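One structure is given below, encoded as structure tokens.
All heavy atoms count here, side chains included; hydrogens, waters and symmetry mates do not. In this text the structure is predicted, and so the values were computed from the model without any measurement.
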Amino acid sequence: MLKELCQLNGTSGDEKAVRDYIISQIKPHCEYKMDNLGSIIAFKKGAGRPKKRVMLCAHMDEVGFIIRDIDENGYLSFDAVGGIDSKVIAGRNVTVNGINGVIGLKPVHLLSDEEKGKSPSIKSMKIDIGAKSREDAQKFIHPGDYAYFSSDYYEFGDGFIKSKALDDRIGCMLLIELMKSDLKYDTYFCFNVQEEVGLRGAACTSYQVQADVSVILEATTAADLCGVSGGDRVCVLGNGSVISFMDGRTVYDRELYNLAVKTAKENNIPVQTKTAIAGGNDAGAVQTSGKGSKVLAVSLACRYIHSAASVVKKSDIDDTRKLLNLLLPKLYD
């Protein structure tokens with residue numbers, strides 16, 4: 001399921017293919033609706049009615065690109081949709097409306113000494129689809145169309161997975177799995193749009209659900225690379241689920257944080273904290289929507305996030321499944 005989800009294209013505002021796939025998976029197991037922004041709000045009945053309303057969230061969108069202009073030579077000017085470091089995109093293969101292309105920039109041989117010392121900007125790059133002219137390119141592509149990393153999904157090394165869009169198709173997969181299982185209590189599930197451009201979908205879905213407790217399933221930045229040590233590593237692949245106490249958008253509920261860590265340790269499930277106060281996820285919108293909600297983030301450590309070659313470890317996915325199955329029944333009282 002993860003491979004199928006990651007290979008779908010669905011950046012912010014263009015999540016239809018991902019949404020259709022998710023609906024095909026959850027339709028037999030719940031009641032659901034789509035809100036005006038395009039997010040899915042689903043309700044699954046459990047064995048009983050809970051004291052507290054619990055919501056689990058993941059976001060459907062991925063980072064990508066949007067075409068803003070086509071020059072006279074048929075090259076496409078573009079901008080990023082979501083937070084993408086320009087250093088990870090030069091020379092990458094992309095697709096635009098199913099047409100293959102490559103992100104090109106000025107050759108190194110022609111750079112001035114000043115240019116060689118700087119990272120290239122997105123505005124200095126073009127997408128080359130092999131068009132002969134603006135008119136040739138306009139037969140297939142127009143400003144406002146989306147472009148996506150063209151990236152294979154594969155497993156390598158000792159249980160590692162490489163793909164685009166692991167942020168946050170991992171969270172979507174885990175939600176779908178929970179919805180197919182037998183739940184102890186009635187539960188809400190939200191698959192949100194437009195997280196990568198400001199948590200917009202979550203602001204709408206959480207306002208409609210008005211949950212007392214919300215769990216956000218995510219992928220988060222790992223910097224466990226050669227030459228990086230201590231807290232600068234943020235989180236480490238293979239060390240289990242990442243439980244955040246604070247990030248750039250959210251101060252997480254202390255009781256929920258302690259409960260998650262305690263549940264993991266009591267059951268010998270690897271767990272780690274995020275050792276950087278940075279980034280953010282849908283919890284930032286959920287926490288302050290409507291009457292407010294207590295929030296907890298359970299994330300997967302992800303190297304090279306927001307790139308064509310994000311990497312996670314399979315054991316972390318398995319440990320997160322175990323943790324969620326044990327933690328979820330404790331959240332309803």
Which donor-acceptor pairs under 3.5 Å do the side chains of residues 233-242 make with protein atoms, sequence neighbours left out?
| residue | atom | partner | partner atom | Å |
| --- | --- | --- | --- | --- |
| Arg233 | NH1 | Val228 | O | 3.1 |
| Ser241 | OG | Thr320 | OG1 | 2.7 |

Among side-chain atoms of Ser293 and Ser214, is any donor-acceptor pair under 3.5 angstrom?
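Their side chains do contain a donor-acceptor pair, which is all the 3.5 Å distance test asks for.
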Problem - Ser206-Ser289 side chain donor-acceptor pair, cut-off 3.5 Å - result: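 Checked: Ser206/Ser289 side chains pair up, N/O donor to acceptor below 3.5 Å.
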Q) Which pairs pass salt bridge (Lys or Arg N to Asp or Glu O under 4.0 Å) with one or both residues in residues 56-67, sequence neighbours excluded? A)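 Of all non-adjacent pairs touching residues 56-67, those that pass salt bridge (Lys or Arg N to Asp or Glu O under 4.0 Å) are Glu62-Lys164, Glu62-Arg169.
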Test applied, side-chain contact (heavy atoms from CB on, under 4.5 Å); reference residue, Val213; option that passes from Lys52, Arg53, Met55: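 Per the side-chain contact (heavy atoms from CB on, under 4.5 Å) rule, the option paired with Val213 is Lys52, out of Lys52, Arg53, Met55.
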How close do [X] and [Y] get, counting heavy atoms only, and between which atoms?
{"X": "Gly83", "Y": "His306", "result": "O-ND1, 2.6 Å"}
{"X": "Gly82", "Y": "Ala80", "result": "O-CB, 3.7 Å"}
{"X": "Met179", "Y": "His29", "result": "O-CB, 3.5 Å"}
{"X": "Ala131", "Y": "Gly74", "result": "CB-O, 3.9 Å"}

Evaluate the salt bridge (charged side-chain N to carboxylate O under 4.0 Å, His left out) criterion for residues Asp20 and Lys16: first the C-alpha distance (whole Å), next the side-chain angles of each, then the deciding distance (0.1 Å), finally the verdict.
-> CA-CA 6 Å; Asp20 289 348; Lys16 183 180 186 302; 2.6 Å; yes
Return the set of residues passing side-chain hydrogen bond (donor to acceptor under 3.5 Å, both in side chains) with Lys184 (not counting sequence neighbours), or none when no residue passes.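 Here no residue qualifies.
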query = When you look at Lys162 and Asp152, which way does the salt bridge (charged side-chain N to carboxylate O under 4.0 Å, His left out) test go after all the steps?
reply = CA-CA 8 Å; Lys162 170 264 176 188; Asp152 292 336; 5.8 Å; no
request  = Output the distance between atom CG (Leu175) and atom CD1 (Ile170), rounded to the nearest 0.5 Å.
outcome  =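 The CD1 atom of Ile170 is 13.0 Å from CG of Leu175, to the nearest 0.5 Å.
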Handout entry: Reference residue Asn192; test side-chain hydrogen bond (donor to acceptor under 3.5 Å, both in side chains); the match among Asp168, Asp282, Asn281, Asp35
Key =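 Considering Asp168, Asp282, Asn281, Asp35, a side-chain hydrogen bond (donor to acceptor under 3.5 Å, both in side chains) with Asn192 is found only for Asp282.
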Kindly give the cluster partners of [X], where membership spreads through any ILVMFWY side chain lying under 4.5 Å from a current member.
{"X": "Tyr146", "value": "Ile66, Val81, Tyr148, Val197"}
{"X": "Ile127", "value": "Val63, Phe65, Ile67, Ile70, Leu76, Phe78, Ile84, Val88, Ile89, Val94, Val96, Ile99, Ile103, Leu105, Ile122, Met125, Ile129, Phe140, Ile141, Phe149"}
{"X": "Ile305", "value": "none"}

Q: Can you label the angle between the Phe245 ring and the Tyr257 ring as parallel, tilted or perpendicular, going by 30° and 60°?
A: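 Because their plane-to-plane angle is over 60°, the rings of Phe245 and Tyr257 count as perpendicular.
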side-chain contact (heavy atoms from CB on, under 4.5 Å) between Arg19 and Val193: does it pass, once the steps are laid out?
-> CA-CA 9 Å; Arg19 180 170 53 245; Val193 298; 4.2 Å; yes
Mark yes or no: Lys313 above the aromatic ring of Phe160, with NZ or CZ under 6.0 Å from the six-membered ring centre and no more than 45 degrees from the axis.
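Yes - Lys313 lies over the ring of Phe160, closer than 6.0 Å to its centre and within 45° of its axis.
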Flag yes if more than 12 heavy atoms outside [X] fall under 6.0 Å of its [atom1] atom; otherwise flag no.
{"X": "Phe156", "atom1": "CZ", "result": "yes"}
{"X": "Lys180", "atom1": "NZ", "result": "yes"}
{"X": "Gln138", "atom1": "CD", "result": "yes"}
{"X": "Asp182", "atom1": "CG", "result": "no"}

